[in-house]
Amino acid sequence: AYVDESTISLPAVQAAADGTFATNCAPMSCVAEEGEPIALHHLTSVVRLQVKLPAESEHADHKLAKIEFRGKTGEQVSGKFAIDYAAATLAATSTADADKVVTTRVDKTLSNDAIDVFVVVPAGEYTEGFSVRFIDNKGHYMDIATNTITLTKGDIKSMPVVEFAPTGTLVGVEIASAEDLVAFAKAFNSGEYDNVSPLVVTLKNDIVFDEATNAA
């Protein structure tokens with residue numbers, strides 16, 4: 001998270017973890033004079049999202065691929081933030097579209113039992129609320145949204161359980177890393193995109209493989 005003495009970075013991509021949030025996503029800070037005890041303070045909040053299938057669903061056995069979190073007024077939720085150590089607060093420094101979304105990769109099979117996903121986001125007031133998009137491995141998605149809401153530092157905000165009832169279908173896949181390419185190749189070869197047409201795959205960056213992705 002540390003960028004320099006006045007800047008930290010929050011990740012744009014998180015990985016779902018059972019019962020908790022992804023590692024290295026929720027930094028803490030402190031200010032202490034020499035000889036004083038150190039007291040760490042939270043900088044972020046956690047949103048708990050829960051999604052399941054209705055009793056009868058044509059999407060049975062589909063996987064929840066990812067979740068996208070956005071502030072409804074375009075708040076910065078990832079990327080570089082200015083940090084005030086004394087107040088333990090973050091201030092937005094970017095208006096780039098890439099910094100207005102947090103994507104949590106899930107890859108869990110949807111069922112009648114709710115999937116729990118914990119997303120780390122900047123604390124503070126979201127003046128018009130936030131929106132969440134649930135996307136399955138076939139490109140189907142469902143959007144939900146809140147009204148004005150304040151997310152408190154160090155707290156978990158639990159949202160009601162929602163049933164996955166898609167309102168649209170995404171037809172594109174974006175590949176930004178070797179890991180993305182390997183994951184897409186495996187999904188494509190296993191038939192996960194057989195019912196998605198047209199399927200548009202966009203290469204976002206030059207792809208650099210390392211020993212792990214070469215082996216995959």
Scan the side chains in residues 20-36 for donor-acceptor partners under 3.5 Å anywhere in the protein, sequence neighbours excluded, and list what turns up.
| from | atom 1 | to | atom 2 | distance (Å) |
| --- | --- | --- | --- | --- |
| Glu36 | OE1 | Glu33 | N | 3.3 |

(request) For the pair Thr167 (side chain) and Met142 (backbone), establish whether a donor and an acceptor sit closer than 3.5 Å, ignoring hydrogens and angles. (result)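 Not a single qualifying donor-acceptor pair exists.
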(request) Say whether, by atom type as modelled, one donor and one acceptor occur between the side chain of Gln50 and the main chain of Met159 under 3.5 angstrom. (result)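 Side chain of Gln50 to backbone of Met159: a pair is present.
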Validation: residues 87-97 side-chain donor-acceptor distances under 3.5 Å, sequence neighbours left out:
| from | atom 1 | to | atom 2 | distance (Å) |
| --- | --- | --- | --- | --- |
| Thr93 | OG1 | Lys80 | O | 2.5 |
| Ser94 | OG | Ala96 | N | 3.0 |
| Ser94 | OG | Asp99 | OD2 | 2.6 |

Would you name the heavy atoms of [X] and [Y] that are closest together and state the gap between them?
X: His42; Y: Lys153; value: O-CD, 3.2 Å
X: Asn205; Y: Ala176; value: ND2-O, 3.1 Å
X: Thr148; Y: Glu125; value: CG2-OE2, 3.5 Å
X: Ser78; Y: Val101; value: OG-O, 3.1 Å
X: His140; Y: Phe164; value: O-CZ, 3.8 Å

Does some side-chain heavy atom of [Y] sit less than 4.5 Å from a side-chain heavy atom of [X]?
X: Phe69; Y: Thr104; value: no
X: Ile144; Y: Phe134; value: yes
X: Ile175; Y: Ile207; value: yes
X: Val77; Y: Pro122; value: yes
X: Glu75; Y: Val121; value: no

(request) Is it possible for you to say whether Ile67 and Leu110 belong to one hydrophobic cluster, with membership spreading through side-chain heavy-atom contacts below 4.5 Å? (result)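 Shared cluster, yes.
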(request) Give a yes or no on whether a salt bridge exists between Asp18 and Lys108, defined as a side-chain N under 4.0 angstrom from a carboxylate O. (result)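 Lys108 and Asp18: salt-bridged.
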(request) Could you tell me how the ring of Phe184 sits relative to the ring of Phe188: parallel (under 30°), tilted (30 to 60°) or perpendicular (over 60°)? (result)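 Tilted: the ring planes of Phe184 and Phe188 meet at 30° to 60°.
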